[in-house]
There are 2 protein chains.
Amino acid sequence: MTDIKSGINPLFLREEDLRQGIELLYFAYRDFTAEPDAILAEYGFGRAHHRVIHFVGGNPRITVSELLAILNITKQSLSRVLSHLVREEFIIQQEGKQDRRQRLLELTASGVALERRLSESQRRRFADAYRNAGAEAVEGYRKVLMGMISEEDRERVFGPKSAEDE
Amino acid sequence: MTDIKSGINPLFLREEDLRQGIELLYFAYRDFTAEPDAILAEYGFGRAHHRVIHFVGGNPRITVSELLAILNITKQSLSRVLSHLVREEFIIQQEGKQDRRQRLLELTASGVALERRLSESQRRRFADAYRNAGAEAVEGYRKVLMGMISEEDRERVFGPKSAEDE
DNA sequence: CATATATGTCAACATGACTGACATAAAATC
DNA sequence: GATTTTATGTCAGTCATGTTGACATATATG
């Protein structure tokens with residue numbers, strides 16, 4: 001099943017290597033969230049807050065529904081962390097001008113500061129790993145993971161470079 | 001931050017690219033757990049059960065403390081899922097021969113069957129991504145992620161099995 | 001005007017982490 | 001042989017973050 005398909009079965013498709021790939025992803029993800037988790041705890045925030053801060057930071061004036069589509073959680077789940085972040089003034093909501101039902105989300109100054117602090121930790125980790133692995137390896141990392149994520153996410157998050165709506 | 005340290009600052013260390021690397025890891029991890037989660041739900045199991053099944057499957061006769069060290073959770077957390085898996089006969093515990101305090105863990109026949117089913121889903125995903133990306137990219141993927149995980153995990157999980165790159 | 005959409009809220013529940021305290025059997029050590 | 005340490009388990013409570021379902025309100029759209 002892992003094998004016979006095109007007749008060719010490259011070495012890196014051996015079960016053992018696939019298993020290694022799986023575990024690498026598991027451990028890397030775990031280690032990569034550890035440091036931000038510790039920072040967030042200082043503020044009484046959790047990983048869910050981080051995600052919101054990350055994507056609002058990267059997509060200023062994003063709508064609630066766009067954010068929900070990216071995070072792929074229910075509005076009730078988002079509501080808890082988002083209102084928490086708004087209450088503590090890390091995020092502000094502004095009424096949309098074209099569509100006044102929308103609450104456009106943006107980081108406040110403290111939101112930006114926290115976002116920087118959190119992402120710095122992760123960027124450092126990536127920068128180190130990238131530097132040690134080299135440019136070619138980075139390209140490989142991208143290729144493999146890009147092939148693993150759903151087309152939906154790929155288009156939504158990595159596809160567009162053009163500004164749209166609003 | 002996107003630092004100047006060795007004087008050289010390769011293109012792939014630009015903040016934008018580091019951010020892409022971070023998001024790739026986030027989305028890949030999420031998508032990669034989705035299918036197993038659905039399978040597990042059939043059995044009334046969750047992601048925590050999957051981890052136990054995975055590492056017991058890959059390390060037959062593992063002790064509880066070794067498993068705890070790999071999973072990096074408390075014994076109380078492990079206890080809940082492990083006893084569940086034992087009760088439903090996906091895992092058996094055998095008294096250690098040298099050390100009779102130990103409960104060596106092993107998958108039962110149904111445990112193996114479930115492990116196969118879960119890992120098949122993830123192996124397929126990896127095999128596809130690997131095949132599309134090519135051998136060189138796979139090597140890059142490994143290099144980057146290996147550099148991102150803690151030394152502890154690297155040694156414990158990837159050390160003894162396969163001698164890793166230079 | 002009628003309906004669809006964007007957002008929010010209440011309430012209940014599940015999962016999987018955590019801490020802290022305590023229990024038992026067996027191994028290791030004095 | 002007595003004591004201490006280790007491997008494991010258990011009770012009880014808490015927290016973060018996900019879920020479903022029902023309902024509310026303002027605004028946009030046909």
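Letters A, B, ... mirror the listed sequences (proteins, then strands); counts begin at 1. Treat the numbers as computed from the prediction; the structure is a model and nothing was measured.
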(request) Residues of residues 22-53 of chain B with any non-hydrogen atom less than 4.0 angstrom from an atom of DNA chain D: list those, numerically ordered, please. (result) none

Tell me whether [X] is salt-bridged to [Y], with the criterion being a basic N under 4.0 Å from an acidic carboxylate O.
| X | Y | result |
| --- | --- | --- |
| Arg117(B) | Glu42(B) | yes |
| Glu35(B) | Arg124(B) | yes |
| Arg123(A) | Glu120(A) | no |

(request) Give me the ring orientation class for His54(A) and His50(A): parallel if the planes are under 30° apart, tilted from 30 to 60°, perpendicular past 60°. (result) perpendicular

(request) Can you label the angle between the Phe126(A) ring and the Tyr130(A) ring as parallel, tilted or perpendicular, going by 30° and 60°? (result) perpendicular

Between [atom2] of [N] and [atom1] of [X], the distance in whole Å:
| X | N | atom1 | atom2 | result |
| --- | --- | --- | --- | --- |
| Arg103(B) | dA27(C) | CZ | C1' | 14 Å |
| Asp99(B) | dT24(C) | CG | P | 19 Å |
| Leu71(B) | dT15(C) | CG | C1' | 16 Å |
| His84(A) | dC15(D) | NE2 | P | 13 Å |
| Ile73(A) | dG8(C) | CD1 | P | 13 Å |
| Gln98(B) | dA27(C) | CD | P | 10 Å |
| Leu82(B) | dT15(C) | CG | P | 17 Å |
| Leu105(A) | dA6(C) | CG | P | 14 Å |

(request) Indicate, with a heavy-atom threshold strictly under 4.0 Å, whether Ser83(B) touches base, sugar-phosphate, or nothing. (result) nothing

(message) So Glu66(B), base contact, sugar-phosphate only, or nothing? Heavy-atom distance under 4.0 Å.
(response) nothing

Side chain of [X]: nearest nucleotide among [options]?
| X | options | value |
| --- | --- | --- |
| Thr74(A) | dT20(D), dG18(D), dG9(D) | dT20(D) |
| Arg80(A) | dT19(D), dA17(C), dT8(D) | dT19(D) |
| Lys75(A) | dT7(C), dT19(D), dA28(D) | dT7(C) |
| Val81(B) | dG8(C), dG16(C), dA6(C) | dG16(C) |

Base [N] paired with [X] side chain (donor-acceptor, <3.5 Å):
| X | N | result |
| --- | --- | --- |
| Arg101(B) | dT8(D) | no |
| Arg100(A) | dT27(D) | no |
| Gln76(B) | dG16(C) | no |
| Gln93(B) | dG9(D) | no |

(request) Could you say whether Glu95(A) or Asn72(A) is positioned toward the 5' end of DNA chain D, judged by the nucleotide with the nearest heavy atom to each? (result) Asn72(A)

(message) Tell me if the aromatic rings of Phe90(A) and Phe45(A) count as close, with their centers under 6.0 Å from one another.
(response) yes

(request) Give the angle between the helix axes at the two ends of the helix from dC1(C)-dG30(D) to dC30(C)-dG1(D), taking five base pairs at each end and rounding to 10°. (result) 20°

(message) Please tell me whether Arg103(B) and Gln94(B) have a donor and an acceptor in their side chains that are separated by less than 3.5 angstrom.
(response) no

(message) In the structure I gave you, are the side-chain heavy atoms of Leu105(B) and Leu82(B) within less than 4.5 Å of one another anywhere?
(response) yes

(message) Count I, L, V, M, F, W, Y as connected when their side-chain heavy atoms are under 4.5 Å apart, and connections chain through other members. Are Val81(B) and Ile92(B) then in the same cluster?
(response) no

(message) So, OP1 or OP2 of dT9(C): does either fall under 4.0 Å of a side-chain N or O from Ser79(A)?
(response) yes

(request) Only counting residues at least two apart or in another chain, list the ones meeting salt bridge (Lys or Arg N to Asp or Glu O under 4.0 Å) with Glu152(A). (result) none

